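Predicted model, so just to flag it, every value in this text is computed and none were measured.
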Protein chains: 2
Amino acid sequence: MNYERQILHWVNRLGFLTRKEIVARFGVAGFEVSPEEWALLLLLNEGGAKAPSEIAEITSKDRTTVTRLVDGMVRKGLVNRIPNESDRRRMVIELSASGHSLFAKLAPIAKGLIGDAMGEIGEDDAQITLAVLKRMTSNLQGADLSSSSKKETQDAKL
Amino acid sequence: MNYERQILHWVNRLGFLTRKEIVARFGVAGFEVSPEEWALLLLLNEGGAKAPSEIAEITSKDRTTVTRLVDGMVRKGLVNRIPNESDRRRMVIELSASGHSLFAKLAPIAKGLIGDAMGEIGEDDAQITLAVLKRMTSNLQGADLSSSSKKETQDAKL
DNA sequence: TGGCAATAGTTGTGTTATACACTTAATATG
DNA sequence: CATATTAAGTGTATAACACAACTATTGCCA
């Protein structure tokens, strides 16, 4: 069988589709927000303020990529870069007031997308799917070739 | 509950992780193949030759993006652009001999990745997950805002 | 049948996400 | 205290992506 192969295939396809679709819907509603910006808004809203390096790890992106993303969002006033007092190398990225406000406006749009996507799918199946996706992510981060010794982060995440 | 919201979140995260990981593993094995190239090799190998516009639709990318991807792979000798005799506007993209050969070398690497990802996941859960992902994709393409009237393609795909 | 709309694909061009190599600054350690 | 380590940011290059416009071919219908 090749269920397994197909899962990764459909993960990719669905991921692409979702990214395009969410940006399109934001655009229709008058908001110019990229998928990366939305992901960071979501991350900071749900998980609270985070260091750039944490964001990089969670999103599997380079730290410099995160720096540039944050640059742009600081420029737009969506997030704040707060220096850590006890360790002045560190920064913390937090949602600004207008970031929170934007999130509140975007959330219903995202919810609509989710509703459309989840049509005709039972709660049980949704739960199983979520568990499988989490497990797969965890498996891959454990078996990662490029970035080693990040087990703790992975455990903390699940 | 927000299982549903989380599913899309983890789809994105897993998708990114997979793309990075597969390229890394190809690289370790000495192959410089981008995720897009791999996806096209896979698509053409499993589904046979395809028109550029079909490829664009399946991958949710613009036709011009596909043109450029195919350009590069033709240059590398991985695929052939075959003009359709009966309708000379149409093209068909097929794997070349060396494209098939490269695919044969990459497939075991991808299989290894899949094996790692699917560790500790039961067959039943994998099947359910696959079905859910397909359904979600189908739901989103049906509810699509940007590209309308593509129901037939969607049905043909599932 | 002749002309115009529709279709398939490519080019021109600009944007954006991405990351590698390097730098700067601060903290930890031996 | 000197050096290694860590956190973040810069300089720069590349690759994916898509909109607009263009070419070539086919379909349609009046």
Salt bridge or not between A/Glu36 and A/Arg19? Use side-chain N to carboxylate O under 4.0 Å.
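A salt bridge is present here (some side-chain N lies under 4.0 Å from a carboxylate O).
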
Basic-acidic side-chain contact under 4.0 Å: A/Glu37, A/Lys76: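 Yes, charged N to carboxylate O under 4.0 Å.
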
Specify the separation, in whole Å, of atom [atom1] of [X] and atom [atom2] of [N].
X	N	atom1	atom2	answer
B/Asp87	D/dC28	CG	C1'	15 Å
A/Asp62	D/dG11	CG	P	16 Å
B/Asn84	C/dT7	CG	P	17 Å
B/Glu36	C/dT18	CD	P	12 Å
B/Arg63	D/dC17	CZ	C1'	14 Å
A/Lys61	D/dA15	NZ	C1'	15 Å
A/Glu32	D/dA18	CD	P	16 Å
A/Glu54	D/dA7	CD	P	10 Å

For A/Thr59, report the nucleic acid contact type (base, sugar-phosphate, nothing); a contact means any heavy atom under 4.0 Å.
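Counting heavy atoms under 4.0 Å across all strands, no contact is made by A/Thr59.
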
Review point. With a 4.0 Å cut-off on heavy atoms, is A/Arg81 in touch with a base, just the backbone sugar-phosphate, or nothing at all?
Key: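 Contact class for A/Arg81: sugar-phosphate only.
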
| said: Could you report the tightest heavy-atom contact between A/Ser98 and A/Gly77, atom names first, then the distance? | reply: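 Result for this residue pair: OG-O, 2.9 Å.
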
**Prompt:** Closest approach of B/Ile7 and A/Ala126, non-hydrogen atoms and distance?
**Reply:**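 Answer, listing the atom of B/Ile7 first, then A/Ala126: CD1-O, 3.4 Å.
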
- Message: Taking the minimum atom-to-atom distance to the side chain of A/Ser34, which one of C/dA17, C/dA19, D/dG9 wins?
- Response: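 In terms of side-chain proximity for A/Ser34, the closest of C/dA17, C/dA19, D/dG9 is C/dA17.
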
Does some side-chain heavy atom of [Y] sit less than 4.5 Å from a side-chain heavy atom of [X]?
X	Y	result
B/Lys50	B/Ile58	yes
B/Leu140	B/Met136	no
B/Arg135	A/Leu14	no

request  = Sequence neighbours left out, what passes side chain to side chain donor-acceptor pair (under 3.5 Å) with B/Thr64? Give chain and number order.
outcome  =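 Listed in chain order: B/Asp62.
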
Checklist entry - Going by number, which of residues 88-96 of chain A have a non-hydrogen atom under 4.0 Å from DNA chain D? => result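 By residue number: A/Arg89, A/Arg90, A/Met91.
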
Residue whose nearest DNA chain C nucleotide is more 5′ - A/Pro35 or A/Glu85: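 Its nearest nucleotide being more 5', the pick is A/Pro35.
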
Query - Residue from B/Leu43, B/Ile22, B/Val23, B/Ile109 passing side-chain contact (heavy atoms from CB on, under 4.5 Å) with B/Trp38 - result: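 Testing each of B/Leu43, B/Ile22, B/Val23, B/Ile109 against B/Trp38, the sole residue satisfying side-chain contact (heavy atoms from CB on, under 4.5 Å) is B/Ile22.
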
Stretch residues 64-78 of chain B: residues that reach within less than 4.0 Å of DNA chain C through a heavy atom: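 B/Thr64, B/Thr67, B/Arg68 - these, ordered by number, are the residues of the stretch whose heavy atoms sit under 4.0 Å from the strand.
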
Self-check item: Residue-phosphate contact under 4.0 Å: B/Lys20 side-chain N/O, C/dT18 OP1/OP2
Solution: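 The answer is no; no side-chain N or O of B/Lys20 sits under 4.0 Å from OP1 or OP2.
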
